[in-house]
Amino acid sequence: MSRFATLNAQAPVTLYHDGHCPFCRVEVAWLVKHRHQERVRLIDIQSNEFNASEIGRSFDAMMGQLHVQDNQGRWFIGMDASRALYAVLGYRRLVRLSCLPGLRSMMDAGYRFFARRRIRLGLWWEKR
């Protein structure tokens with residue numbers, strides 16, 4: 001996949017999020033109010049109705065990293081999921097910037113660091 005492939009994500013995209021994660025809840029609340037909210041379909045993977053195997057994924061993998069699927073069936077995972085989401089919301093310049101060599105690898109590493117610790121960080125954040 002080219003480093004700019006996320007710019008080609010086709011709306012509407014489906015964002016699979018963890019409804020128990022405090023950070024995810026804040027992001028979802030923002031998305032619900034966004035002027036381009038129709039470009040994003042939200043699926044809470046913690047919902048009783050959600051079954052990861054029905055979409056060919058594992059629940060553990062989806063809990064580990066953000067997953068976005070565009071209307072062409074392409075999957076974007078991790079920081080690329082965020083890039084695809086923000087590209088369809090109209091933040092293409094920021095996405096393009098985040099794809100630059102050096103910055104891309106730093107953001108990807110930062111995302112992986114955060115994703116592994118998001119539950120603990122979220123609990124700490126809620127207490128403050």
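All residue numbers refer to positions in the sequence shown, counting from 1.
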Between the main-chain N or O of [Y] and the side-chain N or O of [X], is there a donor-acceptor pair closer than 3.5 Å?
X	Y	answer
His36	His34	no
Asp70	Val13	no
Arg74	Asn8	yes
Arg39	Val88	yes
Arg92	Leu7	yes

Close side-chain approach of [X] and [Y], heavy atoms under 4.5 Å:
X	Y	answer
Arg118	Leu66	no
Val40	Val68	no
His17	Asp44	yes

Please report the interatomic distance [atom1]([X]) to [atom2]([Y]), rounded to the nearest 0.5 Å.
X	Y	atom1	atom2	value
Ile45	Ile55	CD1	CD1	9.0 Å
Gln69	Thr14	CD	OG1	6.0 Å
Leu31	Arg41	CG	CZ	14.5 Å
Gln65	Phe76	CD	CZ	14.5 Å
Ser47	His20	OG	NE2	9.0 Å

Pairs where residues 24-33 contributes a residue and the test side-chain hydrogen bond (donor to acceptor under 3.5 Å, both in side chains) is met, not counting sequence neighbours: Arg25-Glu126, Glu27-Tyr86

Parallel, tilted or perpendicular, as decided by the 30° and 60° cut-offs, for the rings of Tyr16 and Phe50: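 Phe50 vs Tyr16 ring planes: tilted.
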
Test log, rule side-chain contact (heavy atoms from CB on, under 4.5 Å), inputs Asp80 and Arg104: CA-CA 10 Å; Asp80 280 342; Arg104 179 183 180 88; 3.0 Å; yes

Atom CZ of Arg57: over 12 foreign heavy atoms under 6.0 Å: yes

Check against side-chain contact (heavy atoms from CB on, under 4.5 Å), Arg112 and Met79: CA-CA 8 Å; Arg112 287 189 302 273; Met79 190 62 205; over 6 Å; no

Common cluster, Val95/Ile77, ILVMFWY with side-chain heavy-atom separation under 4.5 Å: no

Verify same cluster id: Met107, Phe113 (apolar side-chain graph, 4.5 Å): no

Nearest heavy-atom neighbours spanning Ala115 and Gly64: CB-O, 3.5 Å

For the student: nearest non-hydrogen atoms of Asn71 and Ala11, plus distance: ND2-O, 2.8 Å

Salt bridge Arg3-Asp108, side-chain N to carboxylate O under 4.0 Å: no

side-chain contact (heavy atoms from CB on, under 4.5 Å) between Arg83 and Tyr91, worked out: CA-CA 9 Å; Arg83 288 183 182 104; Tyr91 303 104; over 6 Å; no

